[in-house]
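Right, one structure below, let's go through it.
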Protein chains: 2
Amino acid sequence: MYTKYNIMIEHTSISEPIYLRLKEMILNGELKQGEKIVQEKIAELLGVSRTPLMKALLALENEYLVKSIPRRGMYIRSWDQKEIIDIYVCREAIEGMAARLLAQAGDKTVVQQLKDCFSPFQNSDHIDIDVYTKADEKFHSLLIKLTGNEPLDKIYFFGNIHDKVIGHGLIRPPEETLDEHFKIIKAIENGDANEAEKVAREHIKKSRELLFDT
Amino acid sequence: MYTKYNIMIEHTSISEPIYLRLKEMILNGELKQGEKIVQEKIAELLGVSRTPLMKALLALENEYLVKSIPRRGMYIRSWDQKEIIDIYVCREAIEGMAARLLAQAGDKTVVQQLKDCFSPFQNSDHIDIDVYTKADEKFHSLLIKLTGNEPLDKIYFFGNIHDKVIGHGLIRPPEETLDEHFKIIKAIENGDANEAEKVAREHIKKSRELLFDT
DNA sequence: ATATTGTATTTTGTATACAAAATACAATAT
DNA sequence: ATATTGTATTTTGTATACAAAATACAATAT
């Protein structure tokens, strides 16, 4: 037990750091898929009470990372093949629309930021997979964020699940996807909304089709 | 105050009825946009404590109906013009994809259910606006639900905001939209995925453009 | 008259107590 | 040996207490 109410001044509420820690624990596998979250246990582990923990868990439930069964408890979510495909279909719709919006907006700084994600790999003969994976994640979340459409960003919580599902790797090699990324950026730069949406969608679709041999 | 723990056996938790009641209160205007939710007040009004109320409020926050400002409180959300447009853009992406999926699925019962929404109005010379509004809401939520894509349904919480925003009416007259609805259904029936997505999108887009003269 | 400060009141965020439900597991019956 | 019942233990859902932060508002200074 610790002295009440006189520590922790770095944040507005402890729910937030709890939320972040739990998310980290889920994504890096400290908490395993299907595992039950016994509230008292996790609360003690994190040195907090159940109230802010519950708040964090509800937020994670909304992001599809935690599943609650009433009166039974909260569980780390696991995804079967159908759910993963369904999530990729959502991504296809969301990212496609994002690419369209960016193409319509015609903002040079947007194009620059997207290019910056991949410039380190452009003339490199060996691409470090871990670095590229990070860049890829960055690119996809940036694509949504840069639209400035807050609701669109809010419904794009699938990015997290993505790299959890495929186990910290890539579905397809950088040689293949790097070019697709540039095609998306190019279409945005050209202000070709239809093309931007089309290639953004195909990019996601190809990965989905390769995840399982659909 | 009421006797503890021995009433209310019709549901697994009281958060749920609280959630439903609050949602109703927000949508029918009992709670006004921008209004602060003083937890103790609402909890007393509903005859519950702050704990399950908070749970309900967090769920509503995730649906964009409530906005939380840390340490300040929870407020009924209000939407400015940009947000409403952004929400319609999301709907365009989601409903467009839903129509595509249904067209690909080629399920006759799906088509029938969609037709059933509007069959009462087909040969009628006078359409009751309230009845038609209900049918319209039903159609749009059904379009998503029938895909069987749970994540897609989860991110489609904008339907609520829709009729809140426009004040329980319709943006465009039934004469205009009824035909569009049938066009969407027809494309789904024909299994024409591209056409289905296209007309579903145009349908939303037209309404968006009419909401404000964009 | 307006701005500033200080105090009282309200409200939030968190911890905790406790009843009811769920679960574990031993004792008993088949 | 397996199934069933009953009891003990664990865990959840809810209410509530209390500190700290936010707010309201009166008293004082400019």
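Chain A is the first sequence line, chain B the second, and so forth, proteins listed ahead of strands; every chain is numbered from 1.
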Residue list, side-chain hydrogen bond (donor to acceptor under 3.5 Å, both in side chains) with A/Arg72, at least two apart or on another chain = none
Taking for B/Thr51 and for B/Met74 the nucleotide of DNA chain C with the nearest heavy atom, the one nearer the 5' end belongs to B/Met74
Below 4.0 angstrom, N of the basic side chain to O of the carboxylate: do A/Lys206 and A/Glu209 qualify?
-> no
Using Watson-Crick and G-U wobble pairs whose two distances are both under 3.5 Å, how do you write the pairing of DNA chain D as dot-bracket, with | for links to another strand?
-> ||||||||||||||||||||||||||||||
Sequence-distant partners of B/Lys154, side-chain hydrogen bond (donor to acceptor under 3.5 Å, both in side chains), two or more places apart | none
Taking CD from B/Glu44 and P from C/dT12, how many angstroms apart are they, rounded to a whole number?
-> 14 Å
What's the CG-P distance between B/Leu57 and C/dT11, to the nearest Å?
-> 15 Å
Closest of C/dG13, D/dT14, D/dT12 to the A/Ser13 side chain is C/dG13
Mind checking what makes side chain to side chain contact (heavy atoms under 4.5 Å, CB included) contact with A/Lys115, not counting sequence neighbours?
-> A/Val111, A/Gln112, A/Ile185, A/Glu189
Rounded to whole Å, CE of A/Met54 lies from C1' of C/dG13 at a distance of 16 Å
Could you pull out all residues at least two apart from A/Ser119 that satisfy side-chain hydrogen bond (donor to acceptor under 3.5 Å, both in side chains)?
-> none
Mind calculating the distance between CD1 (A/Ile14) and P (C/dT16) to the nearest angstrom?
-> 11 Å
Are the side chain of B/Tyr132 and the backbone of B/Leu178 linked by a donor-acceptor contact shorter than 3.5 Å?
-> yes
B/Leu46 atom CG is separated from D/dT14 atom C1', nearest whole Å, by 15 Å
Does OP1 or OP2 of C/dA15 have a side-chain N or O of A/Ser49 closer than 4.0 Å?
-> yes
Between D/dG13 (P) and B/Tyr19 (OH): distance, integer Å = 18 Å
Tell me: CD1 of A/Ile69 to P of D/dG13, nearest whole Å?
-> 11 Å
In terms of the nearest nucleotide of DNA chain D, which residue is placed more toward the 5' end: B/Lys55 or B/Arg50?
-> B/Lys55
Is the shortest side-chain N/O distance from A/Lys41 to OP1 or OP2 of D/dT10 below 4.0 Å?
-> no
Partners meeting salt bridge (Lys or Arg N to Asp or Glu O under 4.0 Å) with A/Glu61 (sequence neighbours left out) | none
Taking salt bridge (Lys or Arg N to Asp or Glu O under 4.0 Å) as the test, write out the residues that go with B/Lys134, two or more places apart.
-> none
Protein and nucleotides 22-24 of chain C: nitrogen or oxygen contacts under 3.5 angstrom:
residue: C/dT23; atom: OP2; partner: A/Arg72; partner atom: NE; Å: 3.2

Tell me, yes or no, whether the heavy-atom count around B/Glu44 atom CD, taken from other residues, nucleotides or ligands under 6.0 Å, exceeds 12.
-> no
What is the distance, rounded to the nearest whole Å, between atom CD of A/Glu40 and atom P of D/dT10?
-> 12 Å
At under 4.0 Å, does any side-chain N or O of A/Ser15 touch on OP1 or OP2 of C/dG13?
-> no
Under 4.0 Å between any heavy atoms, over every strand shown, what does B/Ile37 touch: base, sugar-phosphate, or nothing? Just pick one.
-> sugar-phosphate
Tell me, please, which residues at least two apart from B/Asp153 pass salt bridge (Lys or Arg N to Asp or Glu O under 4.0 Å).
-> B/Lys145
